[in-house]
Student: 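Dumping the structure here so I can ask a few things about it.
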Amino acid sequence: MFTNLGWAILQRMGFNICVGTHELRTRMRGARPFWLLLGYALVASASVLITYLIMNETGSYSYSAGPDSAEIGRMSFTVLAYVQLVLMALLLPSLSAGAVTLEREKRTLEMLRATLLTSFDIITGKMIVTLGFVILLLISSLPVAAWSLMLGGTQPLDLF
């Protein structure tokens, strides 16, 4: 997620990278983050595929020519954006709240507070890793957004 240059930039900005490095290692350990990435990508793919199928189906039974490919692309991209917004609204609080509560459950928060780290260092280290994971989720959905791009109606700048 973060390269050495990224950590150096954060350190220059006044962030302590020790908590971030530890949090990144513990968060990405195990199968949970990979299953979360897979589930996120599957939900995003399903939303685009269902939108495509519904738009094609409604066009085939009407007397008009039906929706063109550009309209299907715009609609699938819009649905994908809303699905991502809902997924982020559900996932972001659980990811960030779980960071501190996991320290309490493992009974390591007291040891962390006994170090020279400030509360600001601890919280920002955990939040930077959470933000990095959310960015990773958004990047993982770029191939799904490319489906909408292939259908037309959206431009490559719309992905950003």
Student: So do the side chains of S76 and W147 get within less than 4.5 Å of each other, counting heavy atoms only?
Tutor: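 With C-beta onward as the side chain, the pair stays apart.
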Student: Would a single hydrophobic cluster contain both L38 and V43, if residues Ile, Leu, Val, Met, Phe, Trp and Tyr are joined by side-chain heavy-atom contacts under 4.5 Å?
Tutor: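 The answer is no; the residues belong to distinct hydrophobic clusters.
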Student: Would you kindly confirm whether F77 and L142 end up in one hydrophobic cluster when ILVMFWY residues are joined by side chain heavy atoms under 4.5 Å apart?
Tutor: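 Yes, same cluster.
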Student: Looking only at non-hydrogen atoms, find the nearest pair between A41 and V144 and report the distance.
Tutor: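 For A41 and V144, the tightest heavy-atom pair comes out as O-CG2, 4.3 Å.
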Student: For residues 29-38, which residue pairs pass the side chain to side chain donor-acceptor pair (under 3.5 Å) check, not counting sequence neighbours?
Tutor: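 For residues 29-38, and leaving out neighbouring residues, there are no side chain to side chain donor-acceptor pair (under 3.5 Å) pairs at all.
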Student: Does M150 belong to the same Ile/Leu/Val/Met/Phe/Trp/Tyr cluster as V48, with side-chain heavy atoms less than 4.5 Å apart forming each link?
Tutor: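 Cluster IDs for M150 and V48 match.
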Student: Let me confirm one number: the CG-CD1 distance from L131 to I135, rounded to the nearest 0.5 Å.
Tutor: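 Here the rounded value is 4.0 Å.
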Student: Should L136 and L36 be regarded as members of a common hydrophobic cluster, given that ILVMFWY residues are connected when their side-chain heavy atoms come within less than 4.5 Å of each other, either directly or indirectly?
Tutor: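 Yes; tracing contacts between hydrophobic side chains, which count when under 4.5 Å, links both residues.
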Student: Mind checking what makes side chain to side chain contact (heavy atoms under 4.5 Å, CB included) contact with Y40, not counting sequence neighbours?
Tutor: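 Per chain and number, Y40 pairs via side chain to side chain contact (heavy atoms under 4.5 Å, CB included) with Q84, L87, M88, L91, L137, L138, S140, S141.
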Student: Can you tell me how far the CZ atom of F34 sits from the CG atom of L37, to the nearest 0.5 Å?
Tutor: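 Atom-to-atom, F34:CZ and L37:CG are 7.5 Å apart.
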Student: Who pairs with S47 by side chain to side chain contact (heavy atoms under 4.5 Å, CB included), at least two apart in sequence or on another chain?
Tutor: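 Result, side chain to side chain contact (heavy atoms under 4.5 Å, CB included) vs S47: V79, L80, V83.
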